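Owing to the predicted nature of the structure, the values given are computational and were not obtained by experimental measurement.
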Amino acid sequence: MQSDAFANLGIGFPLTIDESWDGIAPFLNRVTVNIGGSRQTMYALGLHLSFPPGTCSEAIFGYSPHAPGACTFPTSLLTLVFWQSHSATELPDQIMLFGGDVGMSCFTDCPLGTLNGGFVQFVWQDEEWFSRSGPLTSSVTATSSPCGVPPPLYAKSGNCSIATFDLEGKITFGNFVDSNTLTMTIARQTIHGVWMAVTEVQTG
């Protein structure tokens, strides 16, 4: 069983229920968030990628979005997933996918001094919502527990460990159908997830 929403999280970070779920499922959290003024209980999972200094996005993707010969360090290395389903191993009925960076990420109206942009796609009550504003603050700490998630294909070497993700934020969403908005508040809390540390990138 595989959900398309989980098929490719982060930069080439595969996560399917068939291949990786058994090793991750014991570390899943159920968290309480506020969505549109209503308290909701959701499953939550964090995914974090890290690279050694000097890594170039161009080496990963095979092309340069900037000037020829540029070396751009990878961004959007944090992915957070919140979802509701009948059980942790069933496909989600409602799902939120967050892409950004560790620290403070903002959405559209970034406050002065905020460097990390973020993006959230949210499927809620059969409507698709997109982040419009609000900050999300995060920190990630690796534990000594390894995990069984394989490294991405572009990694020549790497290691995976279970990590804790400390989160707090308030994100306002809009949709393309009408002018309605939806606000999701994440009170400060800690969830578990995966830290994939890529130690060397494939070349050639």
[X] [atom1] to [Y] [atom2] distance, which is reported to the nearest 0.5 Å:
{"X": "Gln84", "Y": "Arg30", "atom1": "CD", "atom2": "CZ", "value": "8.5 Å"}
{"X": "Glu200", "Y": "Thr55", "atom1": "CD", "atom2": "OG1", "value": "9.5 Å"}
{"X": "Leu167", "Y": "Thr190", "atom1": "CG", "atom2": "OG1", "value": "7.5 Å"}
{"X": "Tyr43", "Y": "Asn29", "atom1": "OH", "atom2": "CG", "value": "11.5 Å"}
{"X": "Leu47", "Y": "Leu77", "atom1": "CG", "atom2": "CG", "value": "12.0 Å"}
{"X": "Met104", "Y": "Leu136", "atom1": "CE", "atom2": "CG", "value": "9.0 Å"}

Check [X] against [Y] and note the closest heavy-atom contact, atom names and distance.
{"X": "Met196", "Y": "Pro152", "answer": "CG-CD, 4.0 Å"}
{"X": "Val201", "Y": "Phe51", "answer": "CG2-CD2, 4.2 Å"}
{"X": "Gly54", "Y": "Cys71", "answer": "O-SG, 3.8 Å"}
{"X": "Pro53", "Y": "Phe73", "answer": "CA-CE1, 4.5 Å"}
{"X": "Ile191", "Y": "Ala44", "answer": "CG2-CB, 3.9 Å"}
{"X": "Val194", "Y": "Cys160", "answer": "CG1-SG, 3.3 Å"}

The single option from Leu45, Ile186, Ile95 that satisfies side-chain contact (heavy atoms from CB on, under 4.5 Å) with Phe82 is Ile186
With a 3.5 Å distance limit and no angle check, can you tell me whether [X] reaches the backbone of [Y] through a side-chain donor-acceptor pair?
{"X": "Gln189", "Y": "Val33", "answer": "no"}
{"X": "Thr143", "Y": "Ile162", "answer": "yes"}
{"X": "Glu128", "Y": "Asn175", "answer": "no"}
{"X": "Ser38", "Y": "Ile35", "answer": "no"}

Query raised in the report: Are Leu78 and Ser138 side-chain neighbours, meaning at least one heavy-atom pair lies under 4.5 Å?
Result: yes
Quiz item: Hey, are the side chains of His192 and Thr164 touching, using non-hydrogen atoms and a 4.5 Å cut-off?
Solution: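 The answer is yes; the side chains approach within 4.5 Å.
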Without hydrogens or angle criteria, can the side chains of Thr199 and Ser157 be said to hold a donor-acceptor pair below 3.5 Å?
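Ser157 and Thr199 do have a side-chain donor-acceptor pair below 3.5 Å.
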Sequence neighbours excluded, the answer for ring pair (Phe, Tyr, Trp, His ring centres under 6.0 Å) partners of Phe165 is none
*Asn180 and Leu182: side-chain contact (heavy atoms from CB on, under 4.5 Å), yes or no, with the steps?*
CA-CA 7 Å; Asn180 290 337; Leu182 182 70; over 6 Å; no
